[in-house]
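In what follows, a structure is listed as structure tokens, so that the remarks can point back to it.
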Amino acid sequence: MLEHIIKAYNEAVFETDSEAAFAVVDTALAQGISAEDIVFKVVIPAVEEMMSRITKDPDTNLAQHFMTAQIAASVTEKMLEKFQRPPEIIGRVVMGTASGDLHSLGKRIVMGCLKALMVEVSDLGVNVPAERFVDAAVAADAQVIAISAMMVHTATGPKGASRVRELLRERGLEERIRLVVGGAPYRFDGELYKSVGADAWAADGVSAGRVIVDLIREVKP
Ligand code: B12
């Protein structure tokens, strides 16, 4: 049953047909497939498949890139509302995209994964100044600041994670708040996270969830 849903969803996404994609999702829900399975077994693999096709195919244009991301983001948002609410929150995270960066899909997927893992996550949105990450983490009593950056300059530039690290140090918060990063530049260079002062990184939403849960456990009393 799931194989059929995956195939139909992939076809809809490939055609950038948002109505068809939502129809497939509605059918899956009606058949009793959980929102979590739709996100983790259908939507995320489909995005990854599409992104690898888009990257390899020089004829794909920006509109196709955008539509692919929009469909996945909309479906994920809809499914997140249906995720089983966990009985007990294991920790808190504030998450946003780095200053200057408007790519939101990866962030949304990571947030979905965190929610499924019983982590409370505040969405600071896109283009988030470094100070705001730190202020929001303190206000929310969060254990982790998570920064998504999809472009080289937003991942490595002075207004992003490296500035957040400086602020954590200046304000004496390093013992109680961990910093985690993710996004395409970190996937290209698995050591890059160290040079921006992050404690960890992860290549995808599923491993991001695991890494962040570990960081919460490191600092949570
Ligand atoms: C979709 C897309 C867009 C969409 C974004 C729509 C949206 N709402 O998000 C639009 C069309 C708006 C866009 C705009 C631009 N884009 Co663009 N975009 C892409 C594209 C094709 C896919 C990005 C994406 O959504 N990937 C899918 C998600 C699921 O993957 P992900 O973000 O990597 O997230 C996963 C992991 O990285 C990880 N993760 C992500 N965040 C985090 C955070 C933490 C804490 C952790 C642990 C893990 C984690 O988990 C996620 C889920 O598995 C990439 C190319 C690519 N192949 O990556 C280019 C790309 C990122 N874009 C690029 C560029 C240049 C731009 C523009 C400057 C284009 C322009 N000239 O206007 C603008 C920039 C706007 C801005 N200021 O941000 C370049 C960046 C190049 C570089 N080296 O810096 C890329 C690489 C394309 C390219 N090959 O040139 N883009």
Side-chain angles (χ1 to χ4, degrees), residues 13 16 18 39-77 80 91 93-117 119 121-129 133 137 142-157 159-161 164-165 177-190 192-194 196-216:
V13 170
T16 66
S18 143
V39 171
F40 298 129
K41 296 182 180 165
V42 182
V43 177
I44 294 177
V47 170
E48 279 160 6
E49 165 68 16
M50 275 306 294
M51 290 312 157
S52 98
R53 283 195 202 189
I54 283 171
T55 310
K56 282 179 206 147
D57 182 355
D59 291 333
T60 41
N61 59 37
L62 199 58
Q64 272 178 298
H65 291 180
F66 185 71
M67 277 309 292
T68 302
Q70 287 305 308
I71 293 171
S74 311
V75 172
T76 302
E77 287 291 323
L80 288 181
V93 173
V94 294
M95 180 160 197
T97 65
S99 177
D101 204 316
L102 303 177
H103 294 87
S104 59
L105 180 56
K107 170 178 71 70
R108 289 186 193 189
I109 290 174
V110 172
M111 287 177 53
C113 296
L114 289 174
K115 195 166 177 183
L117 289 169
V119 175
V121 52
S122 311
D123 184 4
L124 304 182
V126 296
N127 186 21
V128 180
F133 277 112
Q143 292 85 23
V144 176
I145 293 173
I147 305 181
S148 182
M150 286 298 291
M151 296 184 287
V152 172
H153 68 280
T154 56
T156 60
K159 296 181 180 170
V164 171
R165 167 56 66 200
I177 300 175
R178 293 286 187 261
L179 175 60
V180 60
V181 292
Y186 301 105
R187 283 208 298 233
F188 295 134
D189 175 357
L192 188 63
Y193 77 98
K194 292 180 188 163
V196 300
D199 295 299
W201 79 288
D204 57 59
V206 177
S207 49
R210 285 192 215 108
V211 164
I212 289 171
V213 166
D214 285 347
L215 291 176
I216 289 171

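Counting convention: from 1, in listed order, for ligands and their atoms alike. For the single chain, residues carry numbers from 1 onward in sequence order. In this text, all values refer to a predicted model and were calculated from it rather than measured experimentally.
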Evaluate [X] for polar contact with ligand 1, using N/O atom pairs at a separation under 3.5 Å.
| X | value |
| --- | --- |
| I212 | no |
| S148 | yes |
| M151 | no |
| L102 | yes |
| H153 | no |
| S104 | yes |

### Summary
Heavy-atom nearest pair, P185 first then A149, reads CD-O, 3.3 Å

### Distance-minimising heavy-atom pair for M111 and M95
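Shortest heavy-atom contact: CG-SD, 3.9 Å.
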
Rounded distance [0.5 Å steps], [atom1] in [X] versus [atom2] in [Y]:
| X | Y | atom1 | atom2 | value |
| --- | --- | --- | --- | --- |
| I145 | L215 | CD1 | CG | 11.5 Å |
| K194 | D199 | NZ | CG | 12.0 Å |
| L114 | I216 | CG | CD1 | 7.0 Å |
| I177 | R165 | CD1 | CZ | 10.0 Å |
| L105 | T97 | CG | OG1 | 12.0 Å |

Selection from [options] by shortest heavy-atom distance to [atom]:
| atom | options | value |
| --- | --- | --- |
| atom 49 (C) of ligand 1 | G96, G209, G182, A198 | G182 |
| atom 43 (C) of ligand 1 | R210, M95, M111 | M95 |
| atom 25 (O) of ligand 1 | V181, N127, L105, L114 | L105 |
| atom 37 (O) of ligand 1 | A208, G183, A155 | G183 |
| atom 31 (P) of ligand 1 | R108, H103, M150 | M150 |

#### Entry: Residues K159 and D101 bridged, charged N to O under 4.0 Å
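Salt bridge: no.
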
Atoms in ligand 1 flagged as close to [X], the criterion being non-hydrogen separation under 4.0 Å:
| X | answer |
| --- | --- |
| A202 | 47 (C), 48 (C) |
| D101 | 78 (O) |
| D204 | 38 (C), 50 (O), 53 (O) |
| I109 | 29 (C), 52 (C) |

Which part of [X] is near ligand 1, with near meaning a heavy atom under 4.0 Å away: side chain, backbone, both or neither?
| X | value |
| --- | --- |
| A203 | backbone |
| V152 | both |
| T154 | neither |

### Query
Is the closest heavy-atom distance from V211 to ligand 1 below 4.0 Å?
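No heavy atom of V211 comes that close to ligand 1.
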
### Query
Going through the checks in order, is the side chain to side chain contact (heavy atoms under 4.5 Å, CB included) test met by V128 and S99?
CA-CA 5 Å; V128 180; S99 177; over 6 Å; no

### Candidate pair Y186 and V196, rule side chain to side chain contact (heavy atoms under 4.5 Å, CB included), full reasoning
CA-CA 10 Å; Y186 301 105; V196 300; 3.9 Å; yes

### Message
Can you pull out every side chain to side chain donor-acceptor pair (under 3.5 Å) where at least one residue sits in residues 200-215? Sequence neighbours excluded, please.
### Response
D204-S207

#### Entry: salt bridge (charged side-chain N to carboxylate O under 4.0 Å, His left out) partners for R108, two or more places apart
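Once residues adjacent in sequence are excluded, the partners of R108 under the salt bridge (charged side-chain N to carboxylate O under 4.0 Å, His left out) criterion are E77.
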
